[in-house]
Each structure stands twice: as structure tokens, then as C-alpha cells.
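Start at 1 with the first residue, then count along the sequence. Hydrogens, waters and symmetry mates are skipped; everything else that's a heavy atom, side chains included, is used.
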Amino acid sequence: GLTLALVQVASGSMLWLLVLALVALSCSLRAEPIRQLKPTGYVNDFAGVMDTASRNSIENLAAQVERKTGAQIAVVTVRSLDGSDIESYAVDLYKQWGIGPKSSNRGVLILLAVDERRYRIEIGYGLEPILPDGKVGAFGREAVPYLRQRRYGAALQLMAQRVAQV
């Protein structure tokens with residue numbers, strides 16, 4: 001009886017260790033360290049949550065903005081922030097990718113972290129006079145209903161359109 005009880009307790013704790021190990025592994029597989037992210041265009045849907053129509057619309061809009069103004073808009077989705085806060089992750093990604101021309105620093109990063117339910121619009125110094133925090137914050141708040149409905153493409157498209165209109 002006692003031996004059987006000890007075996008059951010031991011096997012139960014081993015099962016929990018196995019479950020914890022699998023959870024940790026699945027979390028680490030879903031996180032996207034910035035150094036591993038490589039841009040492939042204006043829209044980089046690493047989380048795989050955007051619909052084709054929104055993606056194409058944003059690509060066309062961003063290309064048009066760059067042609068007309070020289071400013072770059074990058075839209076990025078990730079599953080996870082790899083243990084970082086959204087602000088640090090956005091700043092690091094913005095710098096690593098060199099969004100916007102170096103000479104004028106006219107770039108915008110629209111970042112969505114799906115698992116953490118966080119978004120961030122990072123503005124280059126060259127655009128801060130026309131895209132101040134208050135205005136940019138309103139763009140994000142306007143997109144929240146779409147985010148709550150998990151209509152990520154529509155939310156990102158709205159934010160990109162608002163940025164481009166300025």
C-alpha cells in the first residue's frame with residue numbers, strides 16, 4: 001500500500017514536470033526574438049493573423065507613402081514579445097530593421113503582439129512633429145474594437161491608414 005502510494009505520488013509529480021517542460025517548450029517556440037526576425041516587405045505577419053486583403057492594402061499604402069514622402073511604414077505581427085515589454089521590443093525592432101531613411105529618420109513601426117494583446121506605434125524622430133504621441137494614441141484606441149473582435153488585419157489597416165493620412 002505505502003509503496004504503491006509513493007509510486008503514484010512520484011509518477012504524479014513526474015507528470016507535472018513533463019507538463020511544465022512541454023508548456024515551457026511551446027512558449028519558447030512561439031516567442032520571436034528580434035534578432036531572428038527578417039523583414040520581407042512593408043507587412044511582416046510573423047503571427048499569421050492577417051487576412052490577405054488587409055495585408056495587400058497595407059503593402060500598397062506603404063509603398064505609396066514611401067514614393068510620395070520618403071517615409072516608411074512597417075507593420076509587424078508577432079505571437080509573443082519574447083519576455084520583453086511592448087515599448088522595448090518596438091524600439092529594438094525599429095532600430096534593428098532601420099525603418100525609415102537614416103538621414104531623416106522618417107519611419108513608423110506598427111507592432112502587434114497577439115498573445116500579450118498589446119500593440120505599439122513607434123514613430124521615428126523625423127515624424128514626431130506631425131505624429132505626436134497623443135495623435136498616434138488615438139489611432140490605436142480607434143482600432144481597439146477590431147482587435148477585441150480578433151480582426152487583426154482590419155485593425156492594422158486602420159492604424160496604417162490613419163498614419164498615412166497625416
Working to the nearest 0.5 Å, report the span between [atom1] of [X] and [atom2] of [Y].
X    : Y    : atom1 : atom2 : result
L61  : Q161 : CG    : CD    : 6.5 Å
Y146 : M159 : OH    : CE    : 11.5 Å
R162 : K135 : CZ    : NZ    : 12.0 Å

Could you go through residues 149-156 and list every donor-acceptor pair under 3.5 Å that involves a side-chain atom there, pairing it with any protein atom two or more places apart or in another chain?
unit_1, atom_1, unit_2, atom_2, d
Q149, OE1, R151, NH1, 3.4

Quick check on the hydrophobic clustering: are [X] and [Y] connected, directly or via other members, by side-chain heavy-atom contacts under 4.5 Å?
X    : Y    : result
Y119 : V163 : yes
V78  : I86  : yes
L158 : V76  : no
I110 : Y125 : no
V75  : L131 : yes

For a 4.5 angstrom cut-off between non-hydrogen side-chain atoms, does [X] reach [Y]?
X    : Y    : answer
I123 : Y94  : no
L112 : L147 : yes
Y89  : R120 : no
L109 : I121 : no
V108 : I99  : no

Just by modelled atom types, is the [Y] backbone N or O under 3.5 Å from a matching donor or acceptor in the [X] side chain?
X    : Y   : answer
E116 : L81 : yes
W97  : L37 : yes
R79  : A47 : yes

Indicate the atoms forming the closest heavy-atom contact of [X] with [Y], along with that distance.
X    : Y    : value
I73  : A160 : CD1-O, 4.3 Å
G100 : Q72  : N-OE1, 2.7 Å
N44  : T40  : OD1-N, 2.7 Å
G134 : R141 : O-NH2, 3.9 Å

Would one find more than 12 heavy atoms of other residues, nucleotides or ligands at under 6.0 Å from atom CZ of F46?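 For F46, atom CZ is crowded (more than 12 foreign heavy atoms under 6.0 Å).
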Could you go through the side chain to side chain contact (heavy atoms under 4.5 Å, CB included) check for F139 and V166 one step at a time? CA-CA 11 Å; F139 300 159; V166 176; 3.9 Å; yes
Going by atom types only, do D85 and S88 share a side-chain donor-acceptor pair under 3.5 Å?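 Present: a donor and an acceptor within the cut-off.
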Between the side chains of D115 and S80, is a donor N or O closer than 3.5 angstrom to an acceptor N or O?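 There is no such pair (donor and acceptor under 3.5 Å, judged by atom type) between the side chains of D115 and S80.
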What do the steps show when you test M50 against T77 for side chain to side chain contact (heavy atoms under 4.5 Å, CB included), and what is the final call? CA-CA 8 Å; M50 293 183 69; T77 70; 4.1 Å; yes
Salt bridge (charged side-chain N to carboxylate O under 4.0 Å, His left out): which pairs involve residues 54-67, sequence neighbours left out?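 Found none.
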Where do Q96 and R35 land on the side chain to side chain contact (heavy atoms under 4.5 Å, CB included) test, with the steps shown first? CA-CA 8 Å; Q96 169 126 1; R35 67 188 173 282; 4.2 Å; yes
